[in-house]
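Working notes, structure below.
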Amino acid sequence: MEPRPPLPPFDARSAAQKVRGAEDGWNSRDPMRVSLAYTQDSVWRNRSEIFSGRDQIVAFLTRKWNRELDYRLIKELWAFTDNRIAVRFAYEYHDDSDNWFRAYGNENWQFDDNGLMAYRHASINDLPIAPSARKFHWDRSGPRPVDHPGLTELGL
């Protein structure tokens with residue numbers, strides 16, 4: 001299996017790189033691309049769903065992004081040690097009736113020696129927002145621009 005740098009053990013710089021790489025991947029909204037950051041048998045807990053394996057990850061993300069339209073995500077490093085990273089995040093999306101939401105959450109990640117995520121545990125809450133309350137503004141087809149504020153700068 002091809003290594004996926006940065007590799008554990010993490011320091012502050014490499015953990016922040018790993019978080020930004022994950023954010024950029026998820027903002028692509030490409031389930032297959034995102035799945036390649038995880039081990040073949042990666043175990044996920046996402047809200048109330050528990051599943052494992054890349055095929056299940058692709059299926060989950062496909063469903064997610066068919067439901068959560070114009071998805072834009074910001075992740076922020078919370079803590080790290082050795083092969084684990086804790087992240088807080090928020091993302092904005094709308095449903096097919098054009099109702100907007102901001103989802104807030106925390107993730108706990110554990111990586112294998114090749115830098116692939118073996119475990120992902122996510123707790124997430126959704127908050128309906130008015131379109132005027134949106135804070136994530138960048139081209140929907142790409143990563144968050146370097147000069148776009150992060151969660152702390154946005155007061156989230």
Side-chain angles (χ1 to χ4, degrees), residues 4 6 8 10-38 42-51 54 56-81 83-111 115-156:
R4 188 91 176 205
F10 298 112
D11 58 23
R13 185 174 161 274
S14 62
Q17 283 179 312
K18 201 67 156 175
V19 171
R20 185 57 193 244
E23 175 188 312
D24 290 348
W26 279 64
N27 277 324
S28 75
R29 294 184 311 279
D30 178 341
M32 186 56 85
R33 173 184 169 190
V34 172
S35 76
L36 297 177
Y38 300 88
S42 184
V43 176
W44 281 34
R45 182 186 54 74
N46 194 89
R47 298 179 192 249
S48 61
E49 291 187 62
I50 299 172
F51 54 90
R54 282 191 184 155
Q56 293 298 313
I57 291 169
V58 170
F60 169 83
L61 293 173
T62 299
R63 284 191 321 274
K64 174 184 181 62
W65 290 323
N66 283 335
R67 215 175 44 250
E68 296 176 355
L69 308 174
D70 290 324
Y71 174 96
R72 289 175 180 83
L73 164 74
I74 298 177
K75 291 183 181 281
E76 186 173 279
L77 177 64
W78 187 255
F80 67 91
T81 183
N83 68 337
R84 293 180 176 178
I85 296 176
V87 173
R88 68 186 200 96
F89 64 87
Y91 62 87
E92 294 178 349
Y93 68 94
H94 67 87
D95 62 18
D96 59 2
S97 296
D98 214 25
N99 298 302
W100 279 92
F101 300 88
R102 184 175 304 119
Y104 298 92
N106 298 291
E107 293 177 306
N108 296 311
W109 302 341
Q110 183 174 314
F111 295 86
L116 295 171
M117 196 180 302
Y119 294 93
R120 176 185 174 268
H121 299 273
S123 297
I124 307 166
N125 298 299
D126 295 292
L127 176 69
I129 60 172
S132 60
R134 293 180 53 222
K135 295 179 181 256
F136 301 177
H137 300 282
W138 64 84
D139 179 36
R140 69 182 204 104
S141 64
R144 175 172 54 105
V146 199
D147 62 345
H148 190 285
L151 295 178
T152 299
E153 294 81 12
L154 290 168
L156 301 174

Do any N or O atoms from the side chain of Gln17 and from the backbone of Pro6 form a donor-acceptor pair under 3.5 angstrom?
->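 No; zero donor-acceptor contacts below 3.5 Å.
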Arg88 side chain to Trp78 backbone, donor-acceptor under 3.5 Å =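 Side chain of Arg88 to backbone of Trp78, a donor-acceptor pair under 3.5 Å: no, none is there.
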Please report the shortest heavy-atom distance between [X] and [Y], naming the atom on each side.
X: Ala90; Y: Leu151; value: CB-CD2, 3.7 Å
X: Ser123; Y: Arg45; value: OG-NH2, 3.5 Å
X: Arg72; Y: Asp139; value: NH2-C, 4.3 Å
X: Lys75; Y: Leu73; value: CE-CD2, 3.5 Å
X: Ala133; Y: Arg102; value: O-NH2, 2.8 Å
X: Tyr93; Y: Ala103; value: CE2-CB, 4.5 Å

Roughly how far, to the nearest 0.5 Å, is the [atom2] atom of [Y] from the [atom1] atom of [X]?
X: Trp100; Y: Ile129; atom1: CH2; atom2: CD1; value: 7.0 Å
X: Phe60; Y: Phe51; atom1: CZ; atom2: CZ; value: 5.0 Å
X: Lys18; Y: Met117; atom1: NZ; atom2: CE; value: 7.5 Å
X: Leu77; Y: Arg13; atom1: CG; atom2: CZ; value: 13.5 Å
X: Ser42; Y: Leu116; atom1: OG; atom2: CG; value: 9.0 Å
X: Ile74; Y: Arg20; atom1: CD1; atom2: CZ; value: 8.5 Å

Side chains of [X] and [Y]: does their closest heavy-atom pair fall under 4.5 Å?
X: Phe80; Y: Val19; result: no
X: Phe89; Y: Ile124; result: yes
X: His148; Y: Leu154; result: yes
X: Leu156; Y: Phe136; result: yes

Not counting sequence neighbours, list each pair that qualifies as a salt bridge (charged side-chain N to carboxylate O under 4.0 Å, His left out) and has a residue in residues 119-132.
->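 Found Arg47-Asp126, Glu107-Arg120.
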Can you run down the salt bridge (charged side-chain N to carboxylate O under 4.0 Å, His left out) pairs that involve residues 144-154, sequence neighbours left out, and say none if there aren't any?
->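 Those involving residues 144-154 are Glu23-Arg144.
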Heavy-atom neighbours of Arg84 CZ exceed 12 at 6.0 Å =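 No, because the 6.0 Å sphere around CZ of Arg84 holds 12 heavy atoms or fewer from other groups.
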So with a 6.0 Å cut-off around OH of Tyr71, is the heavy-atom count from everything else above 12?
->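 Result for OH/Tyr71: enclosed.
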For Glu49, what residues pass the side-chain hydrogen bond (donor to acceptor under 3.5 Å, both in side chains) criterion, not counting sequence neighbours?
->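 Here the qualifying residues are Arg63.
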Contacts of Asp70 that satisfy side-chain hydrogen bond (donor to acceptor under 3.5 Å, both in side chains) - sequence neighbours left out =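 Here the qualifying residues are His94, Arg140.
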Assign the ring pair Trp26 / Trp65 to parallel, tilted or perpendicular, where the plane angle (0 to 90°) is split at 30° and 60°.
->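 If you compare the ring of Trp26 with that of Trp65, the planes turn out perpendicular.
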Using the ring of each side chain (for Trp, its six-membered ring), is Trp109 parallel, tilted or perpendicular to Phe111, with breaks at 30° and 60°?
->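 Because their plane-to-plane angle is over 60°, the rings of Trp109 and Phe111 count as perpendicular.
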What's the verdict on side-chain contact (heavy atoms from CB on, under 4.5 Å) for Gln110 and Asn83, showing C-alpha distance, side-chain angles and the deciding distance?
-> CA-CA 6 Å; Gln110 183 174 314; Asn83 68 337; 3.7 Å; yes
Residues in salt bridge (charged side-chain N to carboxylate O under 4.0 Å, His left out) with Arg134, at least two apart?
->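 If we apply the salt bridge (charged side-chain N to carboxylate O under 4.0 Å, His left out) test to Arg134, skipping adjacent residues, the hits are Glu92.
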Check salt bridge (charged side-chain N to carboxylate O under 4.0 Å, His left out) between Asp11 and all other residues, then give those that pass, not counting sequence neighbours.
->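 Not a single residue meets the salt bridge (charged side-chain N to carboxylate O under 4.0 Å, His left out) criterion with Asp11.
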Passes side-chain contact (heavy atoms from CB on, under 4.5 Å), Arg29 versus Leu61? Steps please.
-> CA-CA 8 Å; Arg29 294 184 311 279; Leu61 293 173; over 6 Å; no
